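These notes are about the structure you will find just below.
These numbers come from a predicted model, not from an experiment. Position 1 is the first residue of the sequence; numbering continues from there. Ligands are counted one by one from 1 in listed order, and the atoms in each one are counted from 1 as well.
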Amino acid sequence: MKNYNIAIDGPAGAGKSTIAKNIAQKLQFIYVDTGAMYRAMALFMLRQAIVTEDAGAVSRACNSVNIIIEYIGGEQQVILNGENVTALIRTEQIGKLASAVAKHNAVRTKMVELQKNIAASSNVIMDGRDIGTIVLPDADLKVYLTASTKERALRRFKELDGKGIFCNVKEIEQDIINRDRQDMTRETSPLKQAEDAVLVDSSNMTIDEVIDKIISLFKEKYNGDLL
Ligand code: DC
């Protein structure tokens, strides 16, 4: 039986994970958050005090890293060398470090193989930076989800503020600009819209509107086959 794959790429803070998770529930697909895998790798490098600019050291360290994805109650868990690190990788520090670690070939090769294997055996909606271009070039639907840097910074500010975390919206916007630059200009698999991806700019859309839009794009292609 055919597996269906949906690829969602886009810059940091565009709402990819919230939206992909929700669509996965609606379509009964597995949600794969590939950023979490790069974050787990970054946590490993941080703990080992490996300088992310040192390609040789990063490459050697990759041989000692085993990352596994598991699901508990439908929620993705990232297991780093036997330890569930899911709750430890959502910080800004790890996000920035993940972006720095992700430019190395050795890291990407390892992650892409793992991601392809997951998609080969299940219906998945996978989000990241290189899903439509490298990981799932034959995905049934590819979406490039973006929003203006101002809007992405404002969303992040509201999220942190809501948790009582002190932050500055200008600093958040600058971090987003820096991370975009790093992810879009790296040599290996930079973030870019796949030629056959549909561009969705969520700047002036609610989460529900984006979810409905992507589900209807999928239905337009596959209604009857699956839904
Ligand atoms: O989506 P995120 O913010 O959790 O991702 C963290 C970093 O990991 C991101 O800035 C770049 C890197 N990444 C990547 O290079 N390729 C992916 N498929 C997913 C994430």
Atom 16 (N) of ligand 1 has as its nearest protein heavy atom Arg108 NH2, 3.0 Å
Among protein heavy atoms, which lies nearest atom 8 (O) of ligand 1, and at what distance?
Tyr38 CB, 3.5 Å
Side-chain polar contacts of residues 39-50 - donor-acceptor pairs under 3.5 angstrom, sequence neighbours left out - could you list them?
{"unit_1": "Arg39", "atom_1": "NH1", "unit_2": "Ile89", "atom_2": "O", "d": "2.9"}
{"unit_1": "Arg39", "atom_1": "NH1", "unit_2": "Thr91", "atom_2": "O", "d": "3.4"}
{"unit_1": "Arg47", "atom_1": "NH1", "unit_2": "Glu83", "atom_2": "OE1", "d": "2.8"}
{"unit_1": "Arg47", "atom_1": "NH2", "unit_2": "Glu83", "atom_2": "OE2", "d": "3.1"}

Classify the contact between [X] and ligand 1 as side chain, backbone, both or neither, using a heavy-atom distance cut-off of under 4.0 Å.
{"X": "Arg179", "answer": "side chain"}
{"X": "Arg39", "answer": "side chain"}
{"X": "Met111", "answer": "neither"}
{"X": "Arg90", "answer": "side chain"}
{"X": "Ala102", "answer": "side chain"}
{"X": "Glu92", "answer": "neither"}

In this structure, which one of Glu92, Glu151, Glu173, Glu171 forms a salt bridge (charged side-chain N to carboxylate O under 4.0 Å, His left out) with Arg156?
Glu92
Modelled atom types, side-chain donor and acceptor of Gln182 and Asn178, under 3.5 Å:
no
Residues Thr18 and Arg155: side-chain donor-acceptor under 3.5 angstrom:
no
With side chain to side chain donor-acceptor pair (under 3.5 Å) as the rule and sequence neighbours excluded, what pairs involving residues 204-216 come up?
none
Quick check: does Asp183 get an N/O under 3.5 Å from an N/O on ligand 1?
yes
Is it the case that more than 12 heavy atoms not belonging to Lys170 sit under 6.0 Å from its NZ atom?
no
Per-atom contacts of ligand 1 with Asp130, taking only distances under 4.0 Å to non-hydrogen atoms
16 (N), 17 (C), 18 (N)
